[in-house]
Number of protein chains: 2
Amino acid sequence: MRQKRITLKDIARETGVHVSTVSRALDPVERKSITEEVASRIQAAADALGYRPNRIAAGLRTSRTMTVGVMIPDITNVIFPPILRGIESVLEPLGYASIIVNTDSERDRESRLVDVLRDRGVDGIIHAAVLRSDPTIARAAAEGLPVVTLNRMVEDSQIPYIINDEDAGICEMLRHLRDLGHREIAHLAGPQDLSTGQLRLAAFRNAATSLSLEFRPELVVTARRFDEQEGARCIRDLLASGRKFTAILCANDRLALGAIDELREHGIDCPREISVTGFNDMPFLDLIRPRLTTVRILQHSAGQTAATVLLQLMNGDTAENIPTETILPVEIVVRESTAPARPDGPQQPA
Amino acid sequence: MRQKRITLKDIARETGVHVSTVSRALDPVERKSITEEVASRIQAAADALGYRPNRIAAGLRTSRTMTVGVMIPDITNVIFPPILRGIESVLEPLGYASIIVNTDSERDRESRLVDVLRDRGVDGIIHAAVLRSDPTIARAAAEGLPVVTLNRMVEDSQIPYIINDEDAGICEMLRHLRDLGHREIAHLAGPQDLSTGQLRLAAFRNAATSLSLEFRPELVVTARRFDEQEGARCIRDLLASGRKFTAILCANDRLALGAIDELREHGIDCPREISVTGFNDMPFLDLIRPRLTTVRILQHSAGQTAATVLLQLMNGDTAENIPTETILPVEIVVRESTAPARPDGPQQPA
DNA sequence: AGCGGCTATGCAATCGATTGCGAGAGTGAA
DNA sequence: TTCACTCTCGCAATCGATTGCATAGCCGCT
């Protein structure tokens with residue numbers, strides 16, 4: 001039932017040459033070392049028979065599989081698909097395929113998956129998982145496997161990383177709020193075991209001082225997950241604390257959405273009474289009212305950049321040509337969830 | 001720099017047996033044909049050396065790569081990631097990896113990608129792309145490659161398919177609208193070159209007659225894409241036609257969201273004046289007001305089912321054990337975008 | 001003691017493509 | 001005519017694991 005595949009041997013038999021000659025004739029770089037007439041005869045036979053190279057066999061011999069592994073926390077998180085398309089857009093035209101794995105941000109799953117990818121002989125790994133430390137990936141890189149990380153860096157390693165200029169994003173956003181007259185600005189921080197959560201909190205602190213706004217630890221609440229429920233919970237806690245604030249800078253869009261919902265539950269209007277900002281600019285955000293002011297990250301180009309750097313690594317470019325650190329610009333998108341601070345000062349809600 | 005991999009040969013040398021013996025000792029099913037003492041000595045050596053089997057080499061010999069191809073239109077479309085997680089949840093524990101490719105619903109890209117997957121020796125393909133006909137995949141299946149399709153079927157073929165019971169979903173939704181008193185119900189249909197668009201329109205027609213509601217072709221408008229812009233455009237056309245209607249059943253959530261927005265632009269309130277329903281129940285829908293009444297599809301289980309059927313195919317189960325057709329149940333989720341038809345009859349907006 | 005039969009293990013081919021090396025043909029110059 | 005050199009192509013090893021077949025050894029039975 002199943003057709004036998006056409007191999008080099010078949011073409012060799014057909015054209016009366018040796019399989020090695022066929023191999024060379026079909027290899028664009030070796031082709032020049034073959035008489036043009038022979039080469040085109042072989043090419044014709046290959047086309048006629050419908051030859052398709054067996055990448056498995058080639059991979060065994062060359063130990064290059066033209067496959068890369070991509071590790072992300074969870075594909076159902078809307079920020080990752082655009083990254084994957086970005087990666088694909090540079091790798092696929094070059095004949096690479098990618099194996100995508102979800103780590104669910106679990107450490108043992110993460111290291112197990114690194115091994116799975118290595119067993120499959122991937123030529124490199126793009127690691128967009130966000131756990132704050134991972135010995136397995138560091139070891140893989142140290143053993144010579146090309147690795148780049150996205151959105152995070154592995155300490156004490158030479159692994160190139162691509163990050164978004166989140167510091168600048170946070171800082172711009174804080175400036176936007178300040179320029180609107182806000183002074184008591186809360187921060188709804190993300191989980192501190194995820195690099196994004198940690199980095200954005202640090203950025204908030206730095207930005208506050210550099211903008212001559214006082215950093216107030218009591219106005220920081222930390223979410224345990226990046227979701228709406230936690231956003232809402234944090235707002236409840238914040239309101240319960242009785243502290244005054246007129247704006248909330250959230251570490252991600254979903255926290256912001258949860259926050260706005262919870263404020264509404266308490267009869268507090270966003271943006272009239274309290275301004276709220278997000279981070280990521282996830283899809284469909286402009287369908288949700290009030291339309292969220294947020295920091296836009298160029299996920300697609302982040303993916304492209306990661307893939308490009310990985311390619312350099314896999315091609316064995318000289319180290320000095322490979323950027324260790326790439327910082328991608330972000331931009332703030334001002335929509336409807338931010339407004340001038342009320343002139344009569346913060347109204348502490350009931 | 002790069003460490004040499006440990007191979008069977010290394011273990012053989014270490015333990016003083018032949019590599020074939022090592023191979024058998026490490027293969028759970030062959031292991032019983034080896035003296036327990038030898039087997040465990042080999043196992044110990046393998047562990048000590050940190051042996052990891054080379055799947056490429058094994059794949060070459062056995063022509064099983066433990067890899068499946070998954071074809072979808074576009075990973076950034078929110079309905080696909082849950083499907084992928086569903087597939088992964090059954091395949092990954094068994095040692096399979098999947099290569100995911102985006103077809104962008106382009107025919108030539110689609111057939112090219114089928115070949116890419118075959119070149120890589122995938123053991124099977126789950127085909128969730130939605131073009132209405134594709135000779136390449138049919139040929140692949142005819143040549144013996146295990147294939148299952150998701151959300152669509154390939155005509156004139158034995159390819160098993162998994163679909164959601166969209167007919168039932170449309171019918172239930174129409175019944176819901178009828179029970180609310182609606183009689184003039186428009187259908188905002190999806191692109192007719194995509195199977196989902198076509199099927200849902202057909203289902204709408206059937207449901208109308210079976211519910212003794214007149215099917216009115218002039219109340220059907222067809223979108224060119226499944227997005228908000230097209231939803232809005234269709235509503236403009238519908239309003240411009242001057243026809244009366246009190247409810248709109250949309251072929252997908254995004255069309256519905258675009259429709260509601262456009263109605264609002266015209267000063268028409270949903271659901272008070274016109275009810276609107278969606279299809280898919282995409283994530284974050286409950287954050288958008290009015291919260292959309294829609295048909296929920298169990299994407300995750302669809303993925304699981306597709307993977308399970310593919311496994312049967314790949315394991316060469318006898319044909320009669322393999323379901324050709326699997327229809328998964330759907331459910332309607334009633335939220336805020338539907339309300340009773342106004343007792344004074346449809347108000348034709350200006 | 002001899003023989004049948006079974007079991008544990010070794011041997012070697014194999015999957016398909018790649019590649020270093022060498023041989024033969026062809027060319028040009030002396 | 002011959003020698004040196006180049007160009008094209010064939011030969012065979014190789015990547016690492018799998019597997020059908022062969023064989024050596026052992027057991028038990030008569």
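Numbered from 1 within each chain, the chains take letters A, B, ... in sequence-line order. Just so it is clear, the values below take in all heavy atoms, side chains as well, and ignore hydrogens, waters and symmetry mates.
- Ranking dG10(C), dT14(C), dC9(D) by closeness to the Arg61(B) side chain, first place goes to dT14(C).
- Arg112(B) is not listed as a side-chain neighbour of Asp115(B), based on a closest heavy-atom distance of 4.5 Å or more.
- In plain terms, the two heavy atoms of Ala306(B) and Leu150(B) that are nearest each other are CB-CD1, 4.0 Å.
- In this structure, CG of Leu8(B) is placed 15 Å from C1' of dT9(C), rounded to the nearest angstrom.
- Heavy-atom nearest nucleotides on DNA chain D were determined for Asp27(B) and for Val19(A), and the one closer to the 5' end corresponds to Val19(A).
- If you find the closest nucleotide of DNA chain C to Lys32(B) and to Leu60(B), the one lying nearer the 5' end belongs to Lys32(B).
- For Ser20(B) against dC11(C), a side-chain-to-base donor-acceptor contact under 3.5 Å is present.
- Counting only distance, with no hydrogens or angles, the side chain of Thr308(B) and the backbone of Gln304(B) share a donor-acceptor pair below 3.5 Å.
- The distance between atom CG of Asp10(A) and atom C1' of dA17(C), rounded to the nearest whole Å, is 13 Å.
- Computed from coordinates, the Glu30(B) CD to dT18(D) P distance equals 10 Å when rounded to whole Å.
- Rounded to an integer number of Å, the gap from CD1 of Ile6(A) to P of dA17(C) is 10 Å.
- Side-chain atoms of Thr7(B) come within 3.5 Å of backbone N or O of Lys9(B) as a donor-acceptor pair.
- Nucleotide dA17(C) holds its C1' atom 14 Å from the CD1 atom of Ile42(A), rounded to whole Å.
- Checked against dT9(C), dG16(C), dG16(D), the side chain of Thr21(B) finds its nearest nucleotide in dT9(C).
- Between Ser23(A) and dT18(C), a side-chain N or O to OP1/OP2 separation shorter than 4.0 Å is present.
- Protein atom CG of Asn54(A) is 9 Å distant from nucleotide atom P of dT18(C), rounded to whole Å.
- Minimum heavy-atom separation, Thr326(A) to Thr305(A): CG2-CG2, 3.8 Å.
- Residue Val17(B) is classed as a sugar-phosphate contact, given heavy-atom separations below 4.0 Å to backbone atoms only.
- Here Val22(A) lies out of heavy-atom contact (under 4.0 Å) with every strand.
- Of the side-chain N and O atoms in Thr35(A), one or more sit less than 4.0 angstrom from OP1 or OP2 of dC9(D).
- Listed candidates were dT18(C), dA12(C), dA17(D). Nearest to the side chain of His18(B) is dA12(C).
- Applying the 3.5 Å distance criterion, the base of dG20(C) shares a donor-acceptor pair with the side chain of Arg24(A).
- Spacing between atom NZ of Lys9(A) and atom P of dG16(C) amounts to 7 Å, rounded to whole angstrom units.
- Atom-to-atom, CD1 of Ile11(B) to P of dT18(D) comes out at 11 Å; the value is rounded to the nearest Å.
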